[in-house]
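Following: one structure in structure tokens, then a few remarks.
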Amino acid sequence: MRIAITADPEIPVPPQTYGGIERIIAMLVEGLLARGHDITLFAHPDSNMACRQIPWHGQNSRSRYETVMNSGILAREILGGGYDLIHSFSRIAYLLPMLPMTIPKIMTYQREISPRSIRNGVRLSRGSLHFTAISQHMIEPVRDLTTWRIIANGVTLAKYDYHEQVDTTKGPLLFLGRVEHIKGVHLAIEVARRSGRKLIIAGNIPAGHESFFEQRIQPQLGDGIEYVGPVDDRQKNSLYGQAAAFLMPILWEEPFGIVMAEALACGTPIIGLRRGSVPEVVQQGETGFVCDSVEEMVDAVGRLDVLSRRKCREAAETRFSDTVIVDAYEALYRSLVAG
């Protein structure tokens with residue numbers, strides 16, 4: 001099949017540092033190319049994938065002018081003919097000129113969904129636009145507006161080493177993610193302190209959140225609480241592998257959280273709060289614990305010995321691997337193209 005895939009214009013594919021959606025797009029493109037599909041990627045000019053690439057001219061998805069510019073770039077290419085399907089990971093507005101066309105179109109949501117966009121997309125496309133999301137939780141407000149297919153995010157398993165033997169009573173706990181309030185890093189510190197465990201904190205401090213780090217995190221460093229800063233894939237692999245558990249104390253309705261799939265790929269169980277997709281990813285009592293409070297998270301740290309690191313890896317293999325995710329999207333493509 002000849003497939004057009006669109007990414008957001010702000011971050012290259014693959015991302016040079018962090019970028020969840022862009023990592024998923026890179027994984028999908030690599031998987032589809034390996035299966036013989038003809039892929040054209042519309043993305044940031046600095047993107048570097050082994051397929052045909054067309055750069056967005058506008059690099060601000062919030063700009064109305066640049067949105068019109070990018071939708072024109074996409075439309076001109078598609079109108080040239082020869083494409084079997086369009087798969088958008090960018091803005092639905094980029095698809096606007098093509099919505100009335102019969103070519104199958106997929107809009108994948110990995111962030112908050114606008115009901116107005118769904119209604120307009122359904123109305124203008126007359127059935128040629130299809131919708132996917134990465135968790136059941138994120139579609140709750142718009143579930144009845146259209147037909148949804150849930151395809152989770154995943155990881156390239158070959159990049160993550162399975163570590164079966166980790167001391168559940170002495171191994172460190174791990175927090176990996178943006179160091180900001182909604183990610184709950186301050187709660188991870190509280191869990192570690194109250195359970196008497198070492199905690200490794202890894203991740204970047206986003207612009208505008210420096211004061212949170214300086215006031216809430218930095219004063220608590222030391223005495224078993226260590227901040228190692230941003231990490232690359234090799235360092236992440238090592239940190240997950242040595243951790244007795246991965247902490248996910250999020251304070252917002254996170255649509256997925258690729259870090260959970262990464263942890264499972266290394267055999268590392270998850271202890272998280274019942275927010276967003278955590279209950280969908282974590283199999284209670286098997287690959288981790290879903291908790292309703294810091295107190296429950298502290299208690300869960302003391303019960304890590306009942307969990308199986310082998311089951312964590314198996315969950316990554318059967319639910320969140322690159323093979324599983326590419327299989328799911330490819331099956332959807334074939335069904336839509338076949339009509």
Side-chain angles (χ1 to χ4, degrees), residues 5-11 13 15 18-25 28 42-44 56 58-64 66-68 70-71 86-96 99 105-125 129-154 177-185 203-204 206-209 212 248-261 272-282 290 320 325 328-329 332:
I5 295 180
T6 73
D8 280 336
E10 288 89 352
I11 302 175
V13 180
Y18 295 94
I21 299 174
E22 290 74 24
R23 289 181 181 274
I24 299 304
I25 296 171
L28 178 60
F42 297 78
H44 186 284
W56 295 127
Q59 293 175 33
N60 181 358
S61 61
R62 296 181 181 276
S63 164
R64 181 175 297 181
E66 294 187 20
T67 293
V68 172
N70 288 346
S71 65
I86 308 168
H87 189 172
S88 172
F89 287 88
S90 54
R91 295 194 60 196
I92 193 171
Y94 291 0
L95 295 175
L96 189 59
L99 286 180
K105 295 165 282 288
I106 299 171
M107 182 66 213
T108 291
Y109 283 97
Q110 304 218 8
R111 57 174 71 90
E112 185 178 359
I113 303 170
S114 162
R116 180 172 177 270
S117 294
I118 300 299
R119 293 190 186 97
N120 288 338
V122 170
R123 177 175 57 84
L124 294 173
S125 69
L129 179 62
H130 307 266
F131 299 89
T132 76
I134 55 178
S135 66
Q136 293 285 350
H137 181 275
M138 70 180 297
I139 68 168
E140 283 304 322
V142 293
R143 184 181 295 277
D144 296 334
L145 298 183
T146 188
T147 299
W148 290 94
R149 294 170 177 84
I150 305 302
I151 300 177
N153 281 343
R178 299 193 307 273
V179 181
E180 59 180 286
H181 182 271
I182 64 170
K183 291 291 190 174
V185 60
N204 63 314
H209 296 269
F212 170 77
M248 190 76 175
I250 54 172
L251 296 173
W252 71 298
E253 306 305 324
E254 187 160 354
F256 186 81
I258 295 175
V259 287
M260 291 190 288
L273 289 178
R274 194 183 304 276
R275 298 292 295 268
S277 66
V278 172
E280 294 179 50
V281 175
V282 178
V290 181
F320 307 118
I325 305 310
Y329 280 122
L332 176 57

Using the rule given for side chain to side chain contact (heavy atoms under 4.5 Å, CB included), can you reason through Thr147 versus His130, listing the C-alpha separation, both sets of side-chain angles and the distance that settles it, and then say yes or no?
CA-CA 8 Å; Thr147 299; His130 307 266; over 6 Å; no
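- To the nearest 0.5 angstrom, Ile325 atom CD1 is 7.5 Å from Phe320 atom CZ.
- Of all heavy-atom pairs between Ser90 and Ala7, the closest is CB-O, 3.4 Å.
- In this structure a side-chain-to-backbone donor-acceptor pair under 3.5 Å is present from Glu66 to Asn60.
- Listed here is the closest heavy atom pair of Arg91 and Ser61: NH1-O, 2.6 Å.
- The two residues Asn153 and Gln110 come nearest to each other via the heavy atoms ND2-OE1, 2.9 Å.
- With values rounded to the nearest 0.5 angstrom, Trp252 atom CH2 is found 9.5 Å from Glu112 atom CD.
- In this structure the side chain of Glu180 reaches within 4.5 angstrom of the side chain of Ile182, judged on heavy atoms.
- With contacts defined as side-chain heavy-atom distances shorter than 4.5 Å, the pair Met138/Ser277 does not qualify.
- Scanning all heavy atoms of the two residues, the minimum distance from Asn70 to Trp56 falls at O-CZ3, 3.2 Å.
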Kindly determine whether His87 and Thr108 satisfy side-chain hydrogen bond (donor to acceptor under 3.5 Å, both in side chains), including the steps that lead there.
CA-CA 7 Å; His87 189 172; Thr108 291; 2.7 Å; yes
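- Distance CG/Leu96 to CG/Asn120: 9.0 Å, rounded to 0.5 Å.
- For the pair Glu280 (side chain) and Gln136 (backbone), a donor-acceptor distance under 3.5 Å is present.
- Of the possible donor and acceptor atoms, none in the side chain of Arg149 sits under 3.5 Å from a partner among the backbone N and O of Thr132.
- For the atom pair CD1 of Ile139 and NE2 of His137, the computed distance is 11.0 Å after rounding to the nearest 0.5 Å.
- Considering every non-hydrogen atom in both Gly276 and Glu253, the closest pair reads N-OE1, 2.8 Å.
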Side chain to side chain contact (heavy atoms under 4.5 Å, CB included) evaluation trace for Trp148 with Ile118:
CA-CA 11 Å; Trp148 290 94; Ile118 300 299; 3.8 Å; yes
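- Taking 4.5 Å as the limit, some side-chain heavy atom of Lys105 sits within range of a side-chain heavy atom of Leu99.
- The distance from atom CD1 of Ile21 to atom CD1 of Ile11, rounded to the nearest 0.5 Å, is 8.0 Å.
- To the nearest 0.5 angstrom, Ser117 atom OG is 8.0 Å from Met107 atom CE.
- The heavy-atom pair separating Leu273 from Ile250 by the smallest distance is CD1-O, 3.7 Å.
- When side chains are defined from C-beta on, Glu254 counts as touching Met248, because their heavy atoms get closer than 4.5 Å.
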